[in-house]
S.K.: 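First the structure, which I've put down as structure tokens, then a few questions once you've had a look.
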There are 2 protein chains.
Amino acid sequence: MTEPDHQNLGLLCFYPHRAMEARLLAAMAEEGFDDITAAQGRIAARIGPQGTRLTDLAEQALVTKQTAGHLVDQLERAGYVRHVPDPTDARARLVQIAERGWAVIALAREVEARVEAEWTAHLGEETTAQLRAALTRLREVTDPYR
Amino acid sequence: MTEPDHQNLGLLCFYPHRAMEARLLAAMAEEGFDDITAAQGRIAARIGPQGTRLTDLAEQALVTKQTAGHLVDQLERAGYVRHVPDPTDARARLVQIAERGWAVIALAREVEARVEAEWTAHLGEETTAQLRAALTRLREVTDPYR
DNA sequence: ACCATCTAGTCAGAACATCTGACCATCGTC
DNA sequence: GACGATGGTCAGATGTTCTGACTAGATGGT
């Protein structure tokens with residue numbers, strides 16, 4: 001926030017993130033997945049292969065349980081995810097990716113790869129590898145969840 | 001969106017950005033600037049030293065003129081910015097930083113420096129410099145506004 | 001000068017995202 | 001078993017953002 005010409009690292013990180021998200025959303029809308037929003041995507045992106053608890057999703061996405069629940073409801077109504085009871089805890093419900101969800105994930109992977117390829121073309125292989133390594137290490141101190 | 005374990009670059013960029021924004025907001029609230037929100041800050045961050053037109057702010061922040069106008073109104077009511085007529089165009093109004101705005105900007109700079117210092121301590125000087133250089137170059141293809 | 005067109009900004013209304021607070025059901029433990 | 005902790009929902013409020021329609025002023029060609 002509030003920088004004139006010297007770009008702080010946080011802000012510099014913002015541009016690629018925004019660009020990637022915009023590309024993903026645009027590609028999805030183009031392929032018929034036009035009933036998905038950025039907030040829904042951010043939640044959905046954290047669902048594990050076997051399903052994830054709502055509370056865990058909320059925690060990782062840094063939103064409240066209520067917000068997560070609301071977004072998951074929408075995703076469920078649109079057919080992207082499904083709720084199943086957690087066999088190990090009768091209170092909990094696992095959120096799992098449904099068929100339509102897998103389809104959109106496959107598309108997202110493609111687009112991610114395409115965009116990263118463009119970035120690599122701009123920066124060069126070595127710089128991109130360094131960038132990824134630095135960001136991964138930075139995550140250790142900027143991501144409270146792993 | 002939608003990554004399981006291989007972290008795409010866009011998402012990797014998200015963590016530092018979110019961390020920086022959270023730190024800024026927390027520090028501001030602590031120092032008494034508790035009437036500012038993330039969205040307002042994102043707009044305010046793009047105001048130039050001599051003032052900036054609403055339309056330009058909207059364009060750079062990738063929001064509509066209406067959204068920008070709304071946020072600027074709030075910032076004005078809180079005393080962070082002020083509206084002055086643009087001498088070169090009677091239709092336009094320049095948004096300028098007001099006294100209270102300068103105070104919060106000074107604080108933001110301090111916090112940015114502090115957080116970056118922490119990151120540098122974690123990554124090392126050289127890696128941090130490489131990271132900044134890579135992100136700056138990446139901005140050329142991910143930021144439509146310069 | 002004059003009109004067509006473009007640009008800066010506002011108004012109105014709606015959708016969405018997000019929060020706080022209160023609540024219920026179930027789990028784990030002493 | 002009773003009790004505090006945890007998973008999740010309900011209700012209501014606030015904030016952010018959009019689309020569409022509009023006004024006022026600028027600009028360029030004839």
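Because the structure is predicted, anything quoted here is derived from the model rather than measured. FYI, side chains are in, hydrogens and waters are out, and symmetry mates aren't considered; it's all heavy atoms of this structure.
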S.K.: Over how many whole Å does the gap from B:Ile43 atom CD1 to D:dC18 atom C1' extend?
M.R.: 14 Å

S.K.: Tell me whether the OP1 or OP2 atom of D:dG7 has a side-chain N or O from A:Arg53 closer than 4.0 Å.
M.R.: yes

S.K.: If each of A:Asp89 and B:Asp73 is mapped to the nucleotide of DNA chain C with the nearest heavy atom, which maps nearer the 5' terminus, i.e. the 5' end?
M.R.: B:Asp73

S.K.: Of the nucleotides D:dG25, D:dT17, D:dG8, which one has an atom closest to the side chain of B:Arg91?
M.R.: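 Closest nucleotide to the B:Arg91 side chain: D:dG25.
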
S.K.: For A:Thr67, report the nucleic acid contact type (base, sugar-phosphate, nothing); a contact means any heavy atom under 4.0 Å.
M.R.: base

S.K.: Between P on D:dT16 and NZ on B:Lys65, what's the gap in Å once rounded to a whole number?
M.R.: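 Roughly 21 Å, once rounded to whole Å.
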
S.K.: Mind calculating the distance between CD (B:Gln66) and P (D:dT19) to the nearest angstrom?
M.R.: 8 Å

S.K.: Would you indicate what A:Gln74 reaches in the nucleic acid, counting non-hydrogen atoms under 4.0 angstrom: base, sugar-phosphate, or nothing?
M.R.: sugar-phosphate

S.K.: Do A:Ile105 and A:Leu94 sit in one hydrophobic cluster, given that two such residues count as connected whenever their side-chain heavy atoms are within less than 4.5 Å of each other, even indirectly?
M.R.: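 Unlinked, A:Ile105 and A:Leu94 end up in two clusters.
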
S.K.: Would you mind reading off the distance between B:Asp34 atom CG and D:dT14 atom P, rounded to a whole angstrom?
M.R.: 17 Å

S.K.: Do the charged groups of B:Glu116 and B:Arg132 touch, with an N to O distance under 4.0 Å?
M.R.: yes

S.K.: Return the nearest nucleotide to the side chain of B:Val63; candidates are C:dC16, C:dG9, D:dC18.
M.R.: D:dC18

S.K.: Considering only D:dT16, C:dC27, C:dC16, which nucleotide approaches the side chain of A:Ala90 most closely?
M.R.: C:dC27

S.K.: Which nucleotide in the set C:dA8, D:dT17, C:dT18 lies at the smallest distance from any side-chain heavy atom of B:Thr55?
M.R.: C:dA8

S.K.: Would you say B:Thr64 places a side-chain N or O within less than 4.0 Å of OP1 or OP2 belonging to D:dT19?
M.R.: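 Result: no.
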
S.K.: Would you say B:Trp119 and A:Val141 make side-chain contact, with heavy atoms under 4.5 Å?
M.R.: yes

S.K.: Take atom NE2 of B:His70 and atom P of C:dC16, then tell me their distance rounded to the nearest Å.
M.R.: 18 Å

S.K.: Hey, are the side chains of B:Val104 and B:Met28 touching, using non-hydrogen atoms and a 4.5 Å cut-off?
M.R.: yes

S.K.: Can you find a donor-acceptor pair, distance only, under 3.5 Å between A:Glu59 side chain and D:dG7 base?
M.R.: no

S.K.: Using whole Å, report how far CZ of A:Arg93 lies from P of C:dC24.
M.R.: 19 Å

S.K.: Calculate the interatomic distance between A:Leu54 atom CG and C:dC24 atom C1'; express it in whole Å.
M.R.: 16 Å

S.K.: Does CD belonging to B:Glu30 count more than 12 external heavy atoms closer than 6.0 Å?
M.R.: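 Counting neighbours around CD of B:Glu30, 12 or fewer heavy atoms of other residues, nucleotides or ligands fall under 6.0 Å, so no.
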
S.K.: Find the distance A:Gln40:CD to C:dA15:C1' and express it as a whole number of Å.
M.R.: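 That distance rounds to 12 Å.
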
